[in-house]
Number of protein chains: 2
Amino acid sequence: MASLKDVAVHAGVSVSTASLALREDPAVKEVTRQRIRRVADELGYRPNGIARDLKVKKTDMIAVLLHDLGGPFYSELLRGVQDRSHQRGFTAIVACSAKGKSSAMTRLLLENRVAGAIILDPVIDESEISSVASEDLPIVVLDREIQAPHVYAVSADHEGGAFKATTHLLDRGYRLIGFLGGPEDSFHSRMRFEGYRRALSQAGVDFDGDLVCYGMFTEDSGYDAGFRLFANGRHPDAIFAANDEMAIGLLRSLEEQGLSVPDDVALVGFDDIRLTQYVSPALTTVRQPMYQLGSDAVEQLFQILSGNADIESVMLSTELVIRQSSGVTPRSPIRG
Amino acid sequence: MASLKDVAVHAGVSVSTASLALREDPAVKEVTRQRIRRVADELGYRPNGIARDLKVKKTDMIAVLLHDLGGPFYSELLRGVQDRSHQRGFTAIVACSAKGKSSAMTRLLLENRVAGAIILDPVIDESEISSVASEDLPIVVLDREIQAPHVYAVSADHEGGAFKATTHLLDRGYRLIGFLGGPEDSFHSRMRFEGYRRALSQAGVDFDGDLVCYGMFTEDSGYDAGFRLFANGRHPDAIFAANDEMAIGLLRSLEEQGLSVPDDVALVGFDDIRLTQYVSPALTTVRQPMYQLGSDAVEQLFQILSGNADIESVMLSTELVIRQSSGVTPRSPIRG
DNA sequence: AGACGTAGTCGAAACGTTTCGATTTTGGGG
DNA sequence: CCCCAAAATCGAAACGTTTCGACTACGTCT
């Protein structure tokens, strides 16, 4: 592997001149520069970014750590990250946030290979993240609340989205509105539950714990929950599911129970995954601004790295996407 | 940022001893090691992986370059990459293969930051890839054919899958089988077309160019093609679409044209994306071993990096997944 | 003609490790 | 008590850059 020294020797100049020349520094004479560049090409010289990073003590790479690579809607998020990183001169690299000796977490974050990190992983524990963040490694967490130095948050407004979803059902006249949550300790599930509670309470509808049920955010767990929600003679007239996967499983189980959606039971999900448009009836849901989440995360990191002092948490609003599963006409509007 | 030297000074030992101690080298006495480690912890010392990589002149990171991050079925692929990388002691980082000065391509591959790369990108041109590959940077391309030094291939058997799909339709008695391809210069489309041709020819069915149509691998382009395929009084009794997206668009257009699938027209797709199970009728398709593709790519890279001389291209077989869209019972089996 | 500014080039240090040969310490045997 | 091998520690070089102060040569100004 040809190094700068090799180039310098072959071009009959010093290493420093070669270095300057290849970086188009105006201090080196045009003719010399051309010669050096020609030699570099002949030798197939490639700058060693590792050496460079070591010398200048900084790197333009930022890490994006996801719990499982390639989940369904990371696509948009990563596009946001990608675009904004590029715009800010960063190179974003994505990896899986698994722990362990040779994990990306270790290699990238603990071994000083990146300037900062964005973490979207509901599972990895808080202490892990806060212990890894430092003066030299700011971390932006997505969809989490972590109070720790050098940890910043960018989040979609899950509570607000859930509020919108539930209010939508209330507006359409439903009163026995069930909630299908995810794992109880999950941030997403908690926030969405809170929005649900707030909507009920604002509408003056009593909360009924019997109408609440939990799954695992998977389609199958939604399917299972579909039976529990209608067991013992209970019969909610609408259900707000904390994510689309479960809503879709739920849809299947309702169908099996001979219940029609939305005629017998209205249904709203969360996330707006692609499938929601294809199931029948198409699923009313809440869309998160994934692209912006990614882009804002990078921007936040950029600001921090630029030494901008007062960084505030960012909360992005969500959007209700109304389709068929939540009924068509308001039966008895509660407002207006 | 505390360096090894700081640790050494505070612990009253030399830098080399500190280095050895923190790597648990048995040459350093237990008590010394404990002292050094304690000091390191107190100072919040973190090894500088960049310096390390520079010194030892190697890195355990491999890059995975995708055309667009987070496409629908990269998920499985990346899991394969992830698992195998971990098993082989690599850290896999994923980035977008866009070109340009500060792109991942440049930063990671051209600046010697990774030991090797896996590229899955039908768009980026061949010359780009072959010019980037080198002695010190072996590249494994997925689903492409590139003849160049230091470029190796791992591929699913698209031709074979298309053959299976078409033969399946033939077995069920269809004879006027149309082909809906992607962009004509795409490797995927070409291979799948070839499998289609071979199946027809093996069954002694004449190829009819009028039954061939091209889209862009998108749902909308499939929808449009659906009208072209049935224009001018043509009426294929089955269609093999080169991917599921287009097949689904096609399904929609057939429905609009009052054609029933599979009764009027049978349909087979390719890829087995998740949606295929949810559309109605569920789509018969060809599944690629995405997990294995990823895992084999890493394995291939590992072998190359281990100095294993004779590396052969790998071709993985695909699997026909039969659902409702291709009809139910054979009408007139052509074999057996 | 001498001084001086400037364009161009150079040398050496530094970044934080690892590695290896050299040096010191230790402890046991004669 | 001394010597020696083994154990423990150390010092310095090296990895490939960048950077900065220093140096050279040369034309210009006075």
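Throughout, a chain's letter reflects where its sequence line sits, starting with A, and its residues are numbered from 1.
For the pair Asn112(B) and Val28(B), both in contact range of DNA chain D, the more 5′-proximal nearest nucleotide belongs to Val28(B). Position along DNA chain D of the nearest nucleotide to Arg33(B) versus Pro47(A) favours Arg33(B) as the more 5'-ward residue.
What separates CD1 of Ile36(A) from P of dG8(C) is a distance of 13 Å, to the nearest Å. Atom CG in Leu22(A) sits about 14 Å away from atom P in dT19(D), given to the nearest Å. Rounded to whole Å, the distance from CD on Glu30(A) to C1' on dA7(C) is 14 Å. Distance, Lys58(B) NZ to dG16(D) P: 15 Å, rounded to whole Å. A straight line from CG of Leu20(B) to P of dT17(C) spans 13 Å, rounded to a whole angstrom. Atom CG in Leu54(A) sits about 17 Å away from atom P in dA13(C), given to the nearest Å. When rounded to the nearest whole Å, the span between CD1 of Ile50(B) and P of dT18(C) equals 14 Å. Computed from coordinates, the Arg23(A) CZ to dT17(D) C1' distance equals 8 Å when rounded to whole Å.
With no hydrogens or angles considered, a side-chain donor-acceptor pair links Asp125(B) and Ser127(B) at under 3.5 Å. Between the side chains of Arg107(A) and Ser103(A), no donor-acceptor pair is found at a separation under 3.5 Å.
Applying the 3.5 Å distance criterion, the base of dG11(C) shares no donor-acceptor pair with the side chain of Ser14(A). One N or O donor and one acceptor, one from the side chain of Lys55(B) and one from the base of dA14(D), sit under 3.5 Å apart.
Between Pro122(A) and His67(A) the shortest side-chain heavy-atom distance falls below 4.5 Å.
Contact annotation: Arg52(A) does not reach the phosphate of dG16(D) (side-chain N/O to OP1 or OP2, under 4.0 Å). Under 4.0 angstrom from either OP1 or OP2 of dC10(C) there lies no side-chain N or O belonging to Ser16(A). Phosphate contact (OP1/OP2 of dG16(C), side-chain N/O of Lys57(A), threshold under 4.0 Å): present. Checking the phosphate oxygens (OP1, OP2) of dT9(D), a side-chain nitrogen or oxygen of Thr32(B) falls inside 4.0 Å.
Side chain of Asn48(A), nearest nucleotide from dT18(D), dT18(C), dG16(D): dG16(D).
Arg35(A) has no carboxylate O lying under 4.0 Å from a charged side-chain N of Glu30(A), or vice versa, which leaves the two without a salt bridge.
Closest non-hydrogen pair, Asp157(A) versus Met315(A), comes out as CA-SD, 3.5 Å.
Base engagement by Ser19(B) is indicated by at least one non-hydrogen atom pair under 4.0 Å involving a base atom. Counting any heavy atom pair closer than 4.0 Å across all strands shown, Val15(B) reaches a base atom.
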